[in-house]
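Before any comments, here is the structure.
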Amino acid sequence: SDWADAPVLVEDPQDAPGAFVDLGTVRVIDDQEFINLQLGVGRQVNAQKLDGTIQVILNVDGSTRSGTTLHDLEGADLAIELTPQEGERAGMGCSVITFDRKGRPRRRSPYDIDMVLAPTTASDWFEIRFRRTNLTDSVKTIRPRAKMTGRVIAVDRNQRIVDQTD
């Protein structure tokens, strides 16, 4: 597997047995062109039609001076939402939110960062790939091997956090 030797970005124990997902290991592989994440979710689900929303929050440049603080992650530049909820309606698909140097959010299409989510069927893990250039207004290009940090949050349809990586 390509992921066997991939560095772990965050590791979360199985601690949410009643939630729609039980977040696990997040691994990262980056090259000159793309950043690839593998996200373990603990059970077979469809990432684009969850019973809640998974937020993958990243500080992609390692700086706490750019971006914003989101769910205790300082310097968050990017948030990828799997099954973003729209008001009272159940969500579907995925979305991207980037934050400028002053922390102002901008909702963008996943296509803007050449994001790919796989598989498109139910699985207990997902891969997210996005281009490292033109990512945000404040971070034009992420250097290979940049000190990236992140958190993953699972929120139910009532916007309550039901699991999060430590």
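On a predicted model such as this, the values are computed, not experimentally measured, just so you know. Numbers here are sequence positions counted from 1.
The side-chain heavy atoms of I54 and V41, taken from C-beta on, include a pair separated by under 4.5 Å. Side-chain contact check for F126 versus V45: some heavy-atom pair is nearer than 4.5 Å. Taking 4.5 Å as the limit, some side-chain heavy atom of I80 sits within range of a side-chain heavy atom of I128. A 4.5 Å side-chain heavy-atom check between F130 and L78 finds at least one atom pair inside the cut-off. Using a 4.5 Å cut-off on side-chain heavy atoms (C-beta onward), L70 and I153 make no contact. Between I113 and R131 there is no side-chain heavy-atom pair separated by less than 4.5 Å. With contacts defined as side-chain heavy-atom distances shorter than 4.5 Å, the pair D124/R43 does not qualify. For the pair Q48 and L82, the minimum side-chain heavy-atom distance is 4.5 Å or more.
Listed by chain and number, the residues in a side-chain hydrogen bond (donor to acceptor under 3.5 Å, both in side chains) with S95 are E81, R107 (sequence neighbours excluded). Applying the salt bridge (charged side-chain N to carboxylate O under 4.0 Å, His left out) criterion to R104, with sequence neighbours excluded, gives D100.
Looking at every heavy atom in both residues, F99 comes nearest to T68 through CD2-CG2, 3.5 Å. The minimum heavy-atom distance linking M148 with V60 is given by the pair CG-CA, 4.0 Å. Of all non-hydrogen atoms in R157 and L50, the two that sit nearest each other are NH2-O, 3.8 Å. Listed here is the closest heavy atom pair of K49 and T83: N-OG1, 3.2 Å. Scanning all heavy atoms of the two residues, the minimum distance from Q38 to W125 falls at NE2-CE3, 4.3 Å. Closest approach of D22 to D163, counting heavy atoms only: OD1-OD2, 3.2 Å.
In terms of modelled atom types and a separation under 3.5 Å, the side chain of T64 and the main chain of G75 share no donor-acceptor contact. With hydrogens and angles ignored, the 3.5 Å screen pairs no side-chain donor or acceptor of D31 with any backbone N or O of I35. For the pair R27 (side chain) and A6 (backbone), a donor-acceptor distance under 3.5 Å is present. Judged purely by atom type and a 3.5 angstrom limit, R151 has no side-chain atom pairing as donor or acceptor with the backbone of I57.
Taking CG from L9 and CG from L58, the interatomic distance works out to 6.5 Å, rounded to the nearest 0.5 Å. Rounding to the nearest 0.5 angstrom, the gap separating the CG atom in D156 from the CD1 atom in I161 is 10.0 Å.
Counting non-hydrogen atoms of other residues, nucleotides and ligands closer than 6.0 Å to CD of E11 gives a total above 12. More than 12 non-hydrogen atoms from other residues, nucleotides or ligands lie less than 6.0 angstrom from CG of N158.
Counted by atom type alone, D77 and S66 present one or more donor-acceptor pairs between their side chains at under 3.5 Å.
F34 and W3 fall into different hydrophobic clusters, defined by Ile, Leu, Val, Met, Phe, Trp and Tyr side-chain heavy atoms under 4.5 Å apart, directly or through other members.
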Candidate pair H71 and Q55, rule side chain to side chain donor-acceptor pair (under 3.5 Å), full reasoning: CA-CA 10 Å; H71 292 289; Q55 298 174 333; 3.2 Å; yes
